[in-house]
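See structure below.
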2 protein chains.
Amino acid sequence: MTAGIRHEDLRRRNRAMVLSSMRRMGQPSRTEIAAATGLSNSTISAISAGLMQEGLLLEGKSEMANAKRGRPQVALELNPCACSIVAVVLSLNSLSAALIDYAGSVVMEGHKRIPTLTLGKDALVAELLDVIRSLLRHRKEKAERVIRISIAIQGITDCAEGTMLWSPITAHTDIAFGRIVEAEFGIPCTIENDCNMIAVALRWRTPERFRDNFVSLLLSNGIGMGLFLKGQLFTGTRSSGGEFGHMMHRPGGALCRCGRRGCIEAYAGNYAIWRNARGGGGDDLPIADISQSEMRHLADTARDHDGPEREAYRRAGEAIGYGLGSLFALVDPAPVMIVGAGAEAFDLLERPMREAIARTVGGQNASDLTFDAEPNELPLTREGCAMHALTFIDHEIFSNGPLPLERTKAA
Amino acid sequence: MTAGIRHEDLRRRNRAMVLSSMRRMGQPSRTEIAAATGLSNSTISAISAGLMQEGLLLEGKSEMANAKRGRPQVALELNPCACSIVAVVLSLNSLSAALIDYAGSVVMEGHKRIPTLTLGKDALVAELLDVIRSLLRHRKEKAERVIRISIAIQGITDCAEGTMLWSPITAHTDIAFGRIVEAEFGIPCTIENDCNMIAVALRWRTPERFRDNFVSLLLSNGIGMGLFLKGQLFTGTRSSGGEFGHMMHRPGGALCRCGRRGCIEAYAGNYAIWRNARGGGGDDLPIADISQSEMRHLADTARDHDGPEREAYRRAGEAIGYGLGSLFALVDPAPVMIVGAGAEAFDLLERPMREAIARTVGGQNASDLTFDAEPNELPLTREGCAMHALTFIDHEIFSNGPLPLERTKAA
DNA sequence: GTCATTCTTTTTCGTTGCGAAAAAAAGATA
DNA sequence: TATCTTTTTTTCGCAACGAAAAAGAATGAC
């Protein structure tokens, strides 16, 4: 049973509306916000006045270099000092964190290489806490309250519980990162799937192409997917969902890292390509990690001449293509962004992918399909993680009114 | 850019809220509605007064047989005479239509067997118009305004355009049933996918099991799916979506009715089971229609002794199982309802289905999965079609206020 | 049979939030 | 300097909600 709408909800939603317009539009004037939201000028004026009094908005000094007649518009902007967040990206052998202000700028960042595969559970948690702690300790402005910590992790997460259920970066499972971080710092913490955050970032970066419906595929040792449908991030009903890499490609086929047989990943993950190129059968146990240079070498060999390497990439592209075909049977075709190490070898993958897709119902008009490739996933992941947390704050925290504790220390 | 909320939207949404509570709860009192919606008593009183004045609601005479003290609650109910709709189900060789009043009761119905496969395009349209026309002509109360016609069709539909894009019941494609019906009767008409309507009906019938997340699979000559996720009917971004039957089962495998190879349907559709049981290879062209009695005979043989028939059912169950595994990799597992002729053979399918699912990541804890079977799909389809149209009316028409034309002829 | 009790529904009143329109502000242009 | 143009703020009226009081409609106690 859906709940009715109270009168007070109205202001809350419209405040959230204004904040999200601000975040999208950068430095809009009140009039522009009014036009974007469809609300009247007076309403925007009232709401923005409130937001400014609460310290969330600033009147920009930049006089909006419009050479128009009439009273010049005054630019508004999100107040960077209103609060800040910490975005953490934990991936294979890499731990990266950044302090981000309310306007979305990186204030400080840290990166550390850690052997995630061999670290114990406690040591892994300790490293994570450490990176966050040093960010919190060294920030300049004490007044900048950090009100949220968001962690993007490769693997399956339970967002509601703040738990990492399973991840390829460690043998340990069911680590309640969220609860642990909250207990340590007293700051709300959420856990997100890395591929979902990549999709969020794409939407911010390239809205003209990746807006309401699109797919982002992360090709590395494993295969991950982020999916937007009808303008909404698609997640599972309980878990982070969208385990594209473990859709079935060939029943009873090659051995996958997950222990089953025939998953897409068992044909298209780095380890699978490596295995096929080396002539290993599908029964060989998956290798935990293939170095980037080794994969590059493999790709170069495949480019150079026909042989097992090229065939391995062909089979990978085929698996991904059929998978996309099945996906598109369910949701209609959409633009695809290939992210991660696999994007470097996209020239080897594209053709077999397109051929496979064209053999599916989902791939009707497969030639219309657009693919883009972006090898560097870390910046995307962090950006998405940050924007996800900030928009959450806009909608769930600041739409309700001022923060409970006092904000202005000066004066 | 999402739109801001105006003041007038508030009342509209809350009216819709009250109407949907009414529809779900049957004959609730104002107090019960207030509790369900979270709105205050006074608001519900005001809204229901308005709805009664507009003729949408009635105060029930039934004195709500509560033996409690205090002022007795007075039951409200949807006014059956407020309007009515026509729900049409067009499936293989069968055309069925019903006139449904605003409270959801069937006022009149008609059914006709027509040879959909051999009829020409115009003849098919003529039959459809004919059934609707006779319902409209013979209804008793002229005052009962029919304000919507909803057609459920097997196949792929474009809901926005009101077009049937492709259907197994006829060789003709791209028939704009919606526009044609609207032009003929001057009544808004929508086209829906039959499996989606089945899912809608299940949600109404058995909300305790099929509520927020569930799958309904229609197993007949083709394979269709209806899917609810997070309480929302899942549809494609453009088409009706959810073409489960054309997800890829075995790349390059058996020939499917859609012209591709290896679709789930090419292993689990009636024609595929028949083909496998008869020892025909996967290269044989699919048969358009297998009679129900023939399929029953096939199933009986499979039950009786091991042999090609049983093997055919095993392969069908396997294909469906792997498909569900892939689906559940994307959306997390959910209860499944098997509908249609295939439900009669569910005893033959269940075991291979469960075995296949257990071999997928999506099928973790496959033993928890629940399956139900309901052979008779027509009543479900019609019920879903009707409820879908009625809830649409609640939300989009009546939430805006009284209908433009006068409603009360009496007095 | 009358009155107290109990619960539902309606009414009254105060508050909030929106939009329209008027007023004020801040330049550009003549 | 006066006029024009556009933005922003202010004022005012209206719609909708909730709280609380009042009215209504029964049951149960005496």
Side-chain angles (χ1 to χ4, degrees), chain A residues 3-18 21-22 25 27-53 57-77 399-401, chain B residues 3-18 21-22 25 27-53 57-77 399-401:
Chain A
I5 304 180
R6 323 283 187 67
H7 202 197
E8 71 220 51
D9 299 333
L10 219 162
R11 197 46 171 284
R12 182 147 47 80
R13 296 207 196 188
N14 283 340
R15 279 171 58 108
M17 221 73 225
V18 170
S21 301
M22 294 294 310
M25 298 167 71
Q27 298 200 323
S29 68
R30 292 172 176 83
T31 328
E32 287 170 327
I33 300 176
T37 57
L39 297 172
S40 75
N41 260 334
S42 24
T43 304
I44 300 301
S45 208
I47 290 178
S48 58
L51 293 174
M52 288 174 65
Q53 206 199 334
L57 251 54
L58 294 178
E59 283 199 334
K61 293 94 208 164
S62 73
E63 296 274 324
M64 284 204 97
N66 284 1
K68 287 188 303 181
R69 296 181 63 166
R71 179 171 176 174
Q73 306 187 359
V74 9
L76 301 179
E77 58 186 18
S399 65
N400 286 313
Chain B
I5 303 180
R6 321 288 187 63
H7 207 174
E8 70 222 48
D9 300 331
L10 220 163
R11 196 46 170 289
R12 183 148 44 83
R13 295 206 199 190
N14 284 340
R15 280 170 59 108
M17 220 74 226
V18 169
S21 302
M22 293 295 311
M25 298 166 72
Q27 299 201 323
S29 68
R30 293 172 176 81
T31 327
E32 288 170 326
I33 299 175
T37 57
L39 297 172
S40 74
N41 260 335
S42 22
T43 303
I44 299 300
S45 208
I47 290 177
S48 57
L51 293 174
M52 288 174 65
Q53 207 198 334
L57 252 53
L58 294 177
E59 282 199 335
K61 293 94 209 162
S62 71
E63 296 275 322
M64 283 205 100
N66 285 0
K68 288 188 301 181
R69 295 182 63 167
R71 176 170 176 175
Q73 306 186 358
V74 10
L76 301 178
E77 59 186 18
S399 65
N400 287 312

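Order of the sequence lines sets the chain letters (A, B, ...), proteins ahead of strands, with each chain counted from 1.
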- Could you check whether A:Asn14 gets within reach of a base, just the sugar-phosphate, or nothing at all, counting any heavy atom under 4.0 Å? sugar-phosphate
- Item | Base D:dT6 to side chain A:Arg71, donor-acceptor N/O within 3.5 Å cut-off | no
- Message: Assess, by modelled atom type and distance only, whether the side chains of B:Asn41 and B:Arg30 contain a donor and an acceptor separated by less than 3.5 Å.
- Response: no
- Task: Calculate the interatomic distance between A:Gln73 atom CD and D:dT6 atom C1'; express it in whole Å.
- Result: 9 Å
- Item | Residues A:Arg6 and A:Asp9 bridged, charged N to O under 4.0 Å | no
- Rounded to whole angstrom units, what separation is found between the CG atom of B:Asp9 and the P atom of D:dC17? 12 Å
- Query: Toward the 5' end of DNA chain D, which comes first, A:Ile5 or A:Ala46, by nearest nucleotide?
  - Reply: A:Ala46
- Distance from B:Thr37 atom OG1 to A:Ile5 atom CD1, nearest 0.5 Å? 11.0 Å
- Task: For B:Thr31 and for A:Ile44, find the nucleotide of DNA chain C with the closest heavy atom, then tell me which residue's nucleotide is more 5'.
- Result: B:Thr31
- With a 3.5 Å cut-off and just heavy-atom distances, do the side chain of A:Ser40 and the base of C:dA20 make a donor-acceptor pair? no
- Message: Nearest heavy atom decides the nucleotide; on that basis, is B:Arg6 or B:Ser48 closer to the 5' end of DNA chain C?
- Response: B:Ser48
- Message: What's the closest nucleotide to the side chain of A:Thr43 if the choices are C:dT9, D:dT8, C:dC18?
- Response: C:dC18
- Query: Side-chain donor-acceptor pair under 3.5 Å between B:Thr43 and B:Ser40, yes or no?
  - Reply: yes
- Task: May I ask you to verify if any side-chain N or O of B:Ser45 is less than 4.0 angstrom from the OP1 or OP2 atom of C:dT9?
- Result: no
- Hey, does the side chain of B:Arg11 come within less than 4.0 Å of D:dC17's phosphate (OP1/OP2), counting only N and O? yes
- Item | Side-chain-base donor-acceptor pair under 3.5 Å for B:His7 and C:dG17 | yes
- Message: Taking atom types as they are modelled, would you say the side chain of A:Ser42 forms a donor-acceptor pair with the base of C:dA20 within the 3.5 Å cutoff?
- Response: yes
- Message: Distance check needed: C:dT9 P versus B:Glu59 CD, whole Å only.
- Response: 9 Å
- Message: Closer than 3.5 angstrom, by distance alone: can the side chain of B:Gln53 be matched with the main-chain N or O of B:Gly50 as a donor-acceptor pair?
- Response: no
- Query: Quick one: B:Glu8 CD to D:dG13 P, roughly how many Å, whole number?
  - Reply: 20 Å
- Query: Can you check the B:Arg12 CZ to D:dC17 P distance for me, whole Å?
  - Reply: 13 Å
- In terms of side-chain heavy atoms of A:Val74, which of D:dC17, D:dT8, C:dC18 is nearest? D:dT8
- Item | Closest to side chain of B:Pro72, choosing from D:dA25, D:dT10, D:dC17 | D:dA25
- Interatomic distance, B:Leu51 CG vs D:dA16 P [rounded to whole Å]: 13 Å
- Item | Atom-pair distance (CG on B:Asn41; P on D:dA23), nearest Å | 18 Å
